[in-house]
Peer 1: 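Please read through the structure below; I'll follow up with questions.
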Amino acid sequence: MRLDQFSGIVAFVKVAEAKSFTRAAAELGVAPASLSEAIKGLEERLGVRLLNRTTRSVGLTEAGAEYLDHVRPAAEDIWAAGAALREARDRPAGTLRLSLPWIAAPLLIEPLMRPFMDAYPEVRLSLIFDDSFVDIAAEGFDAGLRIGELLEKDMIGARLGGPLQMVVVGSPDYLARKGTPKRPADLAAHRCIAFALTRTRAISPWEFTVDGREVAFTPDACLVVNTLPLCITAAAQGLGLAFAVEGLAAPLLASGALVKVLEPFCPAYQPLHLYYPSRRLVPPKLRAFIDFVRANSYKLRI
């Protein structure tokens, strides 16, 4: 069976039920001439006349009546499927699959996971954490979350929160024992706790602004981990200095367990962005997540 035989079936069923091209066209929101052409093409492909047309009426031929009995159930299924999709389009539901960096867990997901799922009980969350940039289309994600400057040009980005201020932190005990660095070059004499990317295992450099220039320092680390929260915890335990997002360290900074150093040299990175491949027909579940995070951003440390 050729695929083009399906063209015109919906038009035929609507006209047969309405017994009028005008009424069927109004119901479908198309011109009567378009319906006439679609049915004419269907008849030509089938090789039989389906409708008897006069200036005053439209009726089924014997072949048309038999054909209608066969195709009407399928047409009704198609309309029902379309109606279900339109209903789903207006209601956040289904599984929302997100690719996220590890810093998103404490900064974004932990504060908002419960209230979001309470607000949208028909949305199921599938959260996969990976600090590498992920091809979301190829790997079956609805969206990904990354630092804005790392987004690919063909992606749509929705900003979540403000710039990410970076800090170098250490415990008062460590600084009392090892001294306080005054410039990034002083870090060579300190114990450092490094963050490594999960997939490549490469150590992420510490970036600074020195005399108007960007300077990268790759620590000869005494401890290497692949989660920033653990870097911060290790620093609070006096194991060395860590380079991290200030929002992650905020509770320990507030309690005095950690102290910031090298503040004048620490940069602010672009905000986190949720990225997805198309601005057209954004799924309601994804639109609900974006709007919810933006509306509740005051609760976040970003």
Peer 1: Given Arg97 and Ser126, is the side-chain hydrogen bond (donor to acceptor under 3.5 Å, both in side chains) satisfied, shown in steps?
Peer 2: CA-CA 5 Å; Arg97 298 177 175 87; Ser126 176; 5.1 Å; no
Peer 1: Measure across Lys285 and Thr95 and return the closest heavy-atom pair with its distance rounded to 0.1 Å.
Peer 2: NZ-O, 2.7 Å
Peer 1: Give every donor-acceptor pair under 3.5 Å between a side-chain atom in residues 227-234 and any protein atom, sequence neighbours left out.
Peer 2:
unit_1, atom_1, unit_2, atom_2, d
Thr233, OG1, Pro229, O, 3.0

Peer 1: Return yes if some donor-acceptor pair links the side-chain N/O of Arg177 with the main-chain N/O of Gly238 below 3.5 Å, else return no.
Peer 2: yes
Peer 1: I need the Asp211 CG to Arg183 CZ distance, nearest 0.5 Å.
Peer 2: 5.0 Å
Peer 1: Taking everything shown except Asp220 itself, do over 12 heavy atoms lie less than 6.0 Å from its CG?
Peer 2: no
Peer 1: Under a 4.5 Å side-chain heavy-atom rule over Ile, Leu, Val, Met, Phe, Trp and Tyr, are Val225 and Leu100 clustered together?
Peer 2: no
Peer 1: Please examine the side chains of Pro284 and Arg91, heavy atoms only from C-beta on, and report whether any two atoms are closer than 4.5 Å.
Peer 2: no
Peer 1: Hey, what do you get for CG (Leu145) to NE2 (His273), rounding to the nearest 0.5 Å?
Peer 2: 10.0 Å
Peer 1: Quick one: pull up CZ in Phe243 and SG in Cys192 and give me the separation to the nearest 0.5 Å.
Peer 2: 11.5 Å
Peer 1: With a 4.5 Å limit on heavy-atom distance, are the side chains of Pro219 and Leu187 in contact?
Peer 2: no
Peer 1: Rounded to the nearest 0.5 Å, what's the gap from CD on Glu27 to CD on Glu17? Could you check?
Peer 2: 8.0 Å
Peer 1: Is there a side chain to side chain contact (heavy atoms under 4.5 Å, CB included) between Val123 and Phe289? Walk through the geometry before answering.
Peer 2: CA-CA 10 Å; Val123 177; Phe289 183 80; over 6 Å; no
Peer 1: In a check of side-chain contact (heavy atoms from CB on, under 4.5 Å) between Val58 and each of Thr22, Leu51, Ile39, which one passes?
Peer 2: Leu51
Peer 1: Taking Leu107 as the starting point, is it possible to reach Leu160 by hopping between hydrophobic residues whose side chains are less than 4.5 Å apart?
Peer 2: yes
Peer 1: Determine whether Glu246 and Leu253 make a side-chain contact, defined as any pair of heavy atoms from C-beta on separated by less than 4.5 Å.
Peer 2: yes
Peer 1: Is it true that Val215 and Ile203 fall in one hydrophobic cluster, defined by side-chain heavy atoms closer than 4.5 Å?
Peer 2: no
Peer 1: Over all heavy atoms of both residues, which pair between Ala242 and Ala235 is shortest? Give the atoms and the distance, please.
Peer 2: CB-CB, 3.9 Å
Peer 1: Ring centroids only, cut at 6.0 angstrom: are Phe217 and Phe208 within range, meaning strictly under it?
Peer 2: no
Peer 1: Any side-chain heavy atom of Ser99 sitting closer than 4.5 Å to one from Glu139?
Peer 2: no
Peer 1: Rounded to the nearest 0.5 Å, how far apart are CG of Leu108 and CD1 of Ile103?
Peer 2: 9.5 Å
Peer 1: Identify the two heavy atoms, one from Val167 and one from Val245, that lie closest to each other, and give their separation to 0.1 Å.
Peer 2: CG2-C, 4.4 Å
Peer 1: Decide yes or no for Pro115 and Phe292: does some side-chain heavy atom of the first lie under 4.5 Å from some side-chain heavy atom of the second?
Peer 2: yes
Peer 1: Side chains of Phe265 and Val168: closer than 4.5 Å at any heavy-atom pair?
Peer 2: no
Peer 1: Please evaluate residues Tyr269 and Glu207 with respect to the criterion side chain to side chain contact (heavy atoms under 4.5 Å, CB included), reporting the C-alpha separation (whole Å), side-chain torsions for both, the decisive distance (0.1 Å), and the verdict.
Peer 2: CA-CA 10 Å; Tyr269 292 158; Glu207 297 178 336; 2.7 Å; yes
Peer 1: Would Val293 end up clustered with Phe129 when hydrophobic side chains under 4.5 Å apart are linked, directly or stepwise?
Peer 2: yes
Peer 1: How far apart are the closest heavy atoms of Pro106 and Trp102, and which atoms are they?
Peer 2: CD-O, 3.4 Å
Peer 1: Looking at every heavy atom in both Glu122 and Pro92, which two are closest together, and how far apart are they?
Peer 2: CB-O, 3.7 Å
Peer 1: Do Val210 and Pro184 come within less than 4.5 Å of each other through their side chains, counting heavy atoms only?
Peer 2: yes
Peer 1: Show your working on ring pair (Phe, Tyr, Trp, His ring centres under 6.0 Å) between Phe12 and Tyr67 and close with a plain yes or no.
Peer 2: CA-CA 10 Å; Phe12 164 69; Tyr67 188 65; 5.6 Å; yes
Peer 1: With a 4.5 Å limit on heavy-atom distance, are the side chains of Val13 and Leu68 in contact?
Peer 2: yes
Peer 1: Are Val169 and Leu241 connected into the same hydrophobic cluster when the rule is that any two of I, L, V, M, F, W, Y join if their side-chain heavy atoms are below 4.5 Å apart?
Peer 2: yes
Peer 1: Return yes if some donor-acceptor pair links the side-chain N/O of Arg23 with the main-chain N/O of Ala25 below 3.5 Å, else return no.
Peer 2: no
Peer 1: For Leu286 versus Ala143, what's the shortest heavy-atom pair and its separation?
Peer 2: CD1-CB, 3.8 Å
Peer 1: About how many Å separate CZ of Arg53 and CZ of Phe21, when rounded to the nearest 0.5 Å?
Peer 2: 4.5 Å
